[in-house]
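We use all heavy atoms of the structure for the numbers below, so side chains are in, but hydrogens, waters and symmetry mates are not. Naming: A, B, ... by sequence-line order, numbering from 1 per chain.
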Amino acid sequence: MRLSRYFLPVLKENPSEAQIASHRLMLRAGMIKQQQAGIYSWLPLGYKVLKRIEQIVHEEQVRAGHIPVLMPTLQPADLWQESGRYDAYGPEMLRITDRHGRDMLYGPTNEEMITDIFRAHVESYKQLPLTLYHIQWKFRDEVRPRFGVMRGREFYMKDGYNFDLTKEDALHAYNRHMVSYLRTYERMGLTAIPMRADSGPIGGDNTHEFLVLAPTGESEVFYDAQVPDLKLGDREVDYDDREAVAEICTEFTTLYARTDETHDEAVFNELPEERRKTARGIEVGQIFYFGTKYSEAMGATVKTPEGNVPVEMGSHGIGVSRLVGALIEANHDDKGIIWPEGVTPFHVGIVNLKQGDAACDSACDALYKALVQKGFDPLYDDRKERAGAKFATMDLIGLPWRITVGPRGVAANLVELTSRRTGESEEMSSEAALARIQEIYAAHL
RNA sequence: CGGAGCGUAGCGCAGCCUGGUAGCGCACCUGCUUCGGGAGCAGGGGGUCGGAGGUUCGAAUCCUCUCGCUCCGACCA
């Protein structure tokens with residue numbers, strides 16, 4: 001993309017409404033525009049990041065054997081009356097009446113609807129196990145939305161639901177989700193720690209929240225200093241291998257890691273003092289096993305040799321839109337955002353220091369074409385701006401790599417490759433820069 | 001939902017107390033110079049002062065109502 005033809009409304013000054021880094025930077029980098037309290041338009045740059053995150057979530061869910069569907073945002077009230085949550089949910093649920101006076105709601109989650117789909121189409125235990133998920137907009141009418149997309153009223157979320165015959169099967173589904181989530185966050189360059197959590201209004205007795213450590217997090221968390229070092233790395237996972245999947249879960253959940261809701265001071269204090277860490281965390285996902293709570297209430301049963309039995313269920317969510325904010329909270333400096341390679345909106349930025357100079361222009365054009373030809377998505381700043389303005393824009397929007405083309409180097413076929421994260425620059429030929437970019441992204445494409 | 005604020009040009013703000021029909025910085029447009037870290041000079045355009053009602057000769061300014069947004073607290077993916 002050529003910046004002169006793009007839509008990137010960056011702000012030089014800080015918007016007054018933004019209190020935390022991610023909100024401020026998303027507004028300044030032209031990623032979002034607030035339309036109402038807690039409701040945002042996603043401008044081109046923000047939309048690209050949102051879609052990259054969504055894509056990673058999809059890929060990891062499919063890899064785990066889960067099946068994508070898409071359910072509507074508007075749901076009929078009667079499904080929620082069946083489960084009893086229509087009355088239980090309270091004013092956070094946005095209730096709507098259509099022209100015929102029928103009660104509807106903008107879905108805050110989809111347990112009821114997915115259970116309805118299941119009971120309509122699944123009759124036999126032979127059709128199990130089954131895990132369906134979707135990525136869809138949700139609405140919770142928060143009393144006090146804040147922090148930009150981190151705590152909006154409208155939010156984009158992946159929610160998945162497993163249907164199994166036995167509790168053992170359902171717990172395997174739970175473990176499968178935990179591992180797939182760990183992979184998902186790692187691919188985004190995030191360390192999200194699974195912590196034992198409270199089940200809240202969804203109910204159930206087995207649940208973990210995934211938290212990204214950041215000073216602006218909403219929850220206080222307590223953990224063993226060794227936990228953030230746990231990594232999946234590039235190990236292969238066979239999601240059908242129950243023992244292997246369970247082993248990984250054990251590895252990631254044995255050390256102490258809890259939110260303030262489940263924190264146990266006595267257990268925590270058994271750790272040597274230097275390993276006891278207290279911090280703040282942003283919740284970016286949660287997994288639940290809740291058994292037959294909805295299947296019994298809504299008659300979601302399968303036929304077995306022993307008769308009709310309600311299915312065992314769990315539900316599992318990843319806050320896709322919230323992750324955009326969480327990623328920025330975890331990756332920024334005083335100049336702007338620093339995107340991890342896995343989610344960056346553009347792979348590399350090209351800065352032409354002397355727009356209009358024949359040699360610089362043609363060098364940039366050639367580099368741009370070569371990058372596109374190799375499957376990259378570069379952003380070429382071809383505006384008639386001064387160098388300082390171009391650098392400041394690149395730093396703000398946080399592309400992890402920048403190639404600078406100036407009149408000095410062009411004569412000798414030299415460009416400059418700069419890392420946004422370290423600020424380190426290296427002069428090399430265009431061809432060498434292209435090769436380096438290929439190398440860098442080999443693990444992310 | 002309790003408490004506290006704020007709505008004046010695209011963005012950030014001053015003016016309000018002590019009424020006399022708007023101003024600054026950035027951005028934008030034109031020209032000249034500048035050109036590796038958000039340039040300088042000169043000129044220029046842009047605002048029913050959130051909305052409605054009231055007081056007054058006269059309201060951004062005072063009064064009432066209303067809508068929107070933000071912050072602290074309780075609540076939450």
Ring centres of A:Y289 and A:Y174 under 6.0 Å apart?
no
Is there a donor N/O on one and an acceptor N/O on the other, under 3.5 Å, for the side chain of A:R386 and the base of B:U34?
yes
Mind checking whether A:H316 and A:H66 have ring centres under 6.0 Å apart?
no
Are the ring centres of A:Y6 and A:F346 closer than 6.0 Å?
yes
Nearest to the side chain of A:E92, heavy atoms from C-beta on, is which of B:A74, B:C76, B:G36?
B:C76
When we call it a touch if two heavy atoms are under 4.0 Å apart, what does A:E416 touch: a base, just sugar-phosphate, or nothing?
base
Classify the nucleic acid contact of A:A392 as base, sugar-phosphate or nothing, counting any heavy atom under 4.0 Å across all strands shown.
base
When you look at OH of A:Y47, are more than 12 heavy atoms from neighbouring residues, nucleotides or ligands closer to it than 6.0 Å?
no
Closest to the A:Q34 side chain: B:G37, B:C76, B:C69?
B:C69
Nearest listed nucleotide, side chain of A:Q19, among B:U70, B:C76, B:C1:
B:U70
A:F155 ring center within less than 6.0 Å of A:W137 ring center
no
At under 4.0 Å between heavy atoms, what does A:S321 touch on the DNA or RNA strands: base, sugar-phosphate, or nothing?
nothing
Closest to the A:R146 side chain: B:C76, B:G73, B:C69?
B:G73
Counting the atoms with a prime plus P, OP1 and OP2 as sugar-phosphate, which does A:G30 contact under 4.0 Å by heavy atoms, base, sugar-phosphate, or nothing?
nothing
Looking at B:G36, B:G37, B:C71, which one has an atom nearest to any side-chain atom of A:L353?
B:G36
Any base atoms under 4.0 Å from A:E385, or only sugar-phosphate, or nothing? Heavy atoms, all strands.
nothing
Scan A:G388 against the nucleic acid and name what it touches under 4.0 Å (heavy atoms): base, sugar-phosphate only, or nothing.
sugar-phosphate
Between A:F376 and A:H347, does the ring centre distance come in under 6.0 Å?
yes
A:R144 side chain: which of B:G36, B:A77, B:G73 is closest?
B:G73
Which listed nucleotide (B:A77, B:G36, B:G38) is nearest to the side chain of A:R408?
B:G36
Partner nucleotide, any strand, of B:C24 [Watson-Crick/G-U, under 3.5 Å]
B:G12
Closest to the A:A37 side chain, choosing from B:A77, B:G73, B:C69
B:C69
Now, which nucleotide makes the Watson-Crick or G-U wobble pair with B:G36, with each of the two distances under 3.5 Å?
none
Please tabulate the protein-to-nucleotide N/O contacts below 3.5 Å involving nucleotides 7-11 of chain B, giving atom names and distances.
unit_1 : atom_1 : unit_2 : atom_2 : d
B:C11  : O2     : A:E13  : OE1    : 3.3

Is the distance between the ring centroids of A:Y185 and A:F210 under 6.0 Å?
yes
